[in-house]
Each structure stands twice: as structure tokens, then as C-alpha cells.
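Everything below concerns the one structure shown next.
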Amino acid sequence: MDPATTAQIIAETTVDTAAMDFSMWGLFLRADIVVKLVMLGLLFASVWSWAIIFDKWWRFARVERRADQFERIFWSGRSLDDLYQEMGHRPQHPLSALFIAAMREWRRSQEIASSSFIGLKERVDKVMQVTISREMMNLEGRLLFLATVGATAPFIGLFGTVWGIMNAFQSIAISRDTNLAVVAPGIAEALFATALGLLAAIPAVIFYNRFANQVSRIGARLESFSDEFSAILSRQLDERS
């Protein structure tokens with residue numbers, strides 16, 4: 001092949017490739033239906049993951065801020081009954097829910113004769129453990145979705161990549177042409193599916209680990225408060241006996 005012919009082929013290939021739309025929207029429109037479904041699924045997973053991330057970020061920040069305020073008031077020396085009445089039986093964060101549940105059980109016991117105080121501490125401890133379990137379940141809600149996206153999105157994107165490459169090879173076989181204009185679209189679609197998989201997975205993994213650490217920290221805080229509050233009630237029971 002003479003140099004002039006080679007230059008002409010290269011020029012035609014460059015023109016054909018440049019004429020194609022390699023934007024994200026163009027890649028999506030040219031993609032096979034299977035690849036399109038993969039892209040849409042990954043895009044939905046990414047959007048929903050970010051919605052969960054922003055919601056959890058705001059919620060955990062609010063929980064820790066209100067917990068700090070509650071502990072300052074609780075350890076200020078105020079009467080437990082006054083604090084219970086002031087909170088209006090409407091818990092606004094896990095620590096207040098734990099306090100209200102324990103005080104509710106404690107006040108119910110005051111309506112019974114003093115001889116029934118036997119076993120009260122065990123009942124209060126049980127109520128607090130149930131409340132901690134319930135509050136932890138509420139805090140962990142929807143974190144499983146982030147874990148699932150972080151674990152599966154790269155493989156779903158890889159599936160779209162493999163399917164796109166298969167389509168690229170089929171195009172080569174049908175056209176019997178291996179120039180860049182034939183191969184580039186399928187390869188670009190495949191790489192785009194991979195990129196969407198990583199786009200969904202990376203933030204999901206990062207923030208799942210962050211939120212899981214925050215949940216563990218709040219859980220330890222609840223357990224610590226439960227032990228301290230149980231000790232306070234135990235001292236009051238000893239004083240009454």
C-alpha cells in the first residue's frame with residue numbers, strides 16, 4: 001500500500017470517528033438495550049445512594065448535637081422527674097428515648113407499693129436494652145443499601161463492559177472492518193458502563209464505612225449512658241430500702 005493510500009484511509013477514519021457523538025448522552029443512545037438497562041440501573045443506584053448519604057449525614061449530625069445538649073442538662077444536677085416532665089414524653093434523639101423509656105418504667109413502679117420494688121432494676125435494664133436495640137435499628141436503616149451498592153455496582157458495570165465489548169466484536173465480524181470507527185463506539189460504551197459502576201460504588205463504600213463507624217460510636221454512647229443511669233436508679237432504690 002503506497003503512502004498516499006495509507007494517508008487517505010487514516011484521514012477517512014479520523015473524520016468518521018470525529019463525526020460520532022462520544023458524549024455521555026450519545027454513548028447512552030447508541031448503546032444496546034442491555035447496556036442501557038445497566039446504565040440506568042447504576043445511575044438510579046448512584047442517585048439514591050447520594051440521597052441516603054445526605055439524609056444520614058444530616059441525621060447523625062443532629063443526633064450527636066442533641067445528645068451533647070441532653071447530656072449537659074442531664075449531668076447539671078437537675079431533678080430526673082423535672083427533666084422527664086420537661087421533655088414532654090417526646091424523644092427527639094436516641095439518648096432522650098432511652099431516658100424516657102427508663103423513667104416511664106421507674107414512675108410506673110412508684111404507683112405500686114414499695115414492696116414491689118424487687119426486680120425493678122432488672123425491668124428498667126430490660127426496657128433500656130430494648131430501647132437501645134430499637135434506636136440502633138433506626139440509625140442503621142438504609143445503610144444496607146449503601147453496602148449493597150458498594151459491593152455489587154462494580155460487577156454490574158463490568159457486566160455492561162463485557163456486553164459492550166461483545167457488541168464491538170460483533171460489529172467487526174459483520175462489517176469485516178477493524179478500523180477505529182467500527183471498534184470505538186462499542187469500546188466507549190463498555191468503558192462508560194464501567195465508569196458508572198465506579199461512580200456508584202466508590203461513594204457508597206466510603207460513606208457506608210463512615211456511617212457504620214458513627215453508628216458504632218452512638219451505640220457505645222447509649223450503652224454507657226444506660227450503665228450510668230442504671231447505677232443512679234440502683235442508688236435510689238438502695239436509699240428507699
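If you read the sequence from its start, that first residue is 1, and numbering goes on from there. We use all heavy atoms of the structure for the numbers below, so side chains are in, but hydrogens, waters and symmetry mates are not.
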> Got a second to check how far L146's CG is from W50's CH2, nearest 0.5 Å?
Replying inline: 10.5 Å
> Counting distance only, does the side-chain N/O of K56 pair as donor-acceptor with the main-chain N or O of G141 below 3.5 Å?
Replying inline: yes
> Less than 4.5 Å apart, any side-chain heavy atom of R142 and any of D55?
Replying inline: yes
>> As a quick check of understanding, evaluate side chain to side chain contact (heavy atoms under 4.5 Å, CB included) for R62 and R65, giving each step before the final call.
In response: CA-CA 5 Å; R62 183 185 62 176; R65 183 176 63 254; 3.6 Å; yes
> For the side chain of S49 and the backbone of A45, is there at least one donor-acceptor N/O pair under 3.5 Å apart?
Replying inline: yes
>> Check for me, please, whether L80 and W75 land in the same ILVMFWY cluster - side-chain distances under 4.5 Å, paths through other members count.
In response: yes
> How long is the gap from CG on D82 to CD1 on I73, to the nearest 0.5 Å?
Replying inline: 12.5 Å
> CG of L98 to CD of Q129: how many Å apart, nearest 0.5 Å?
Replying inline: 8.5 Å
>> According to side chain to side chain contact (heavy atoms under 4.5 Å, CB included), who are the partners of N209, at least two apart in sequence or on a separate chain?
In response: V205
> Given the rule in the side chain to side chain contact (heavy atoms under 4.5 Å, CB included) test, do F70 and H93 qualify, once you have shown the distances and angles that lead to the verdict?
Replying inline: CA-CA 9 Å; F70 172 79; H93 53 86; 3.5 Å; yes
> Taking the inter-plane angle between the rings of F211 and F60 on a 0 to 90° scale, is it parallel (under 30°), tilted (30 to 60°) or perpendicular (over 60°)?
Replying inline: tilted
>> For R221, run the salt bridge (charged side-chain N to carboxylate O under 4.0 Å, His left out) check against E71, E64, E135 and tell me which one passes.
In response: E71
> Roughly how far, to the nearest 0.5 Å, is the CG atom of L233 from the CE atom of M128?
Replying inline: 6.5 Å
>> Can you give me the closest heavy-atom contact between P94 and V63, atom names plus distance?
In response: CD-CG1, 3.7 Å
>> Is any side-chain heavy atom of F74 closer than 4.5 Å to one of E228?
In response: no
> To the nearest 0.5 Å, how far apart are CZ in R59 and CG in L139?
Replying inline: 5.5 Å
> Can V35 and F192 be said to form a side chain to side chain contact (heavy atoms under 4.5 Å, CB included), step by step?
Replying inline: CA-CA 10 Å; V35 181; F192 186 41; over 6 Å; no
> Are I232 and I100 in one and the same hydrophobic cluster, where Ile, Leu, Val, Met, Phe, Trp and Tyr link if side-chain heavy atoms are under 4.5 Å apart?
Replying inline: yes
> Linking I/L/V/M/F/W/Y whenever any side-chain heavy atoms sit under 4.5 Å apart, do F145 and F207 land together?
Replying inline: yes
> Is the distance between the ring centroids of F54 and W58 under 6.0 Å?
Replying inline: no
> Taking it one step at a time, do L83 and M103 satisfy side chain to side chain contact (heavy atoms under 4.5 Å, CB included)?
Replying inline: CA-CA 10 Å; L83 183 57; M103 285 298 297; over 6 Å; no
> Under 4.5 Å between side-chain heavy atoms, hopping through other hydrophobics if needed: is there a path connecting F155 to L42?
Replying inline: no
> What distance do I132 atom CD1 and L95 atom CG have between them, rounded to the nearest 0.5 Å?
Replying inline: 9.0 Å
> Would I156 end up clustered with F159 when hydrophobic side chains under 4.5 Å apart are linked, directly or stepwise?
Replying inline: yes
> Shortest non-hydrogen contact from A204 to V149?
Replying inline: CB-CG1, 3.9 Å
> What are the two closest heavy atoms between S230 and D125, and how far apart are they?
Replying inline: OG-OD1, 2.8 Å
> Taking the inter-plane angle between the rings of F225 and F229 on a 0 to 90° scale, is it parallel (under 30°), tilted (30 to 60°) or perpendicular (over 60°)?
Replying inline: parallel
> Is there a donor-acceptor pair closer than 3.5 Å between any side-chain N or O of S226 and the backbone N or O of L222?
Replying inline: no
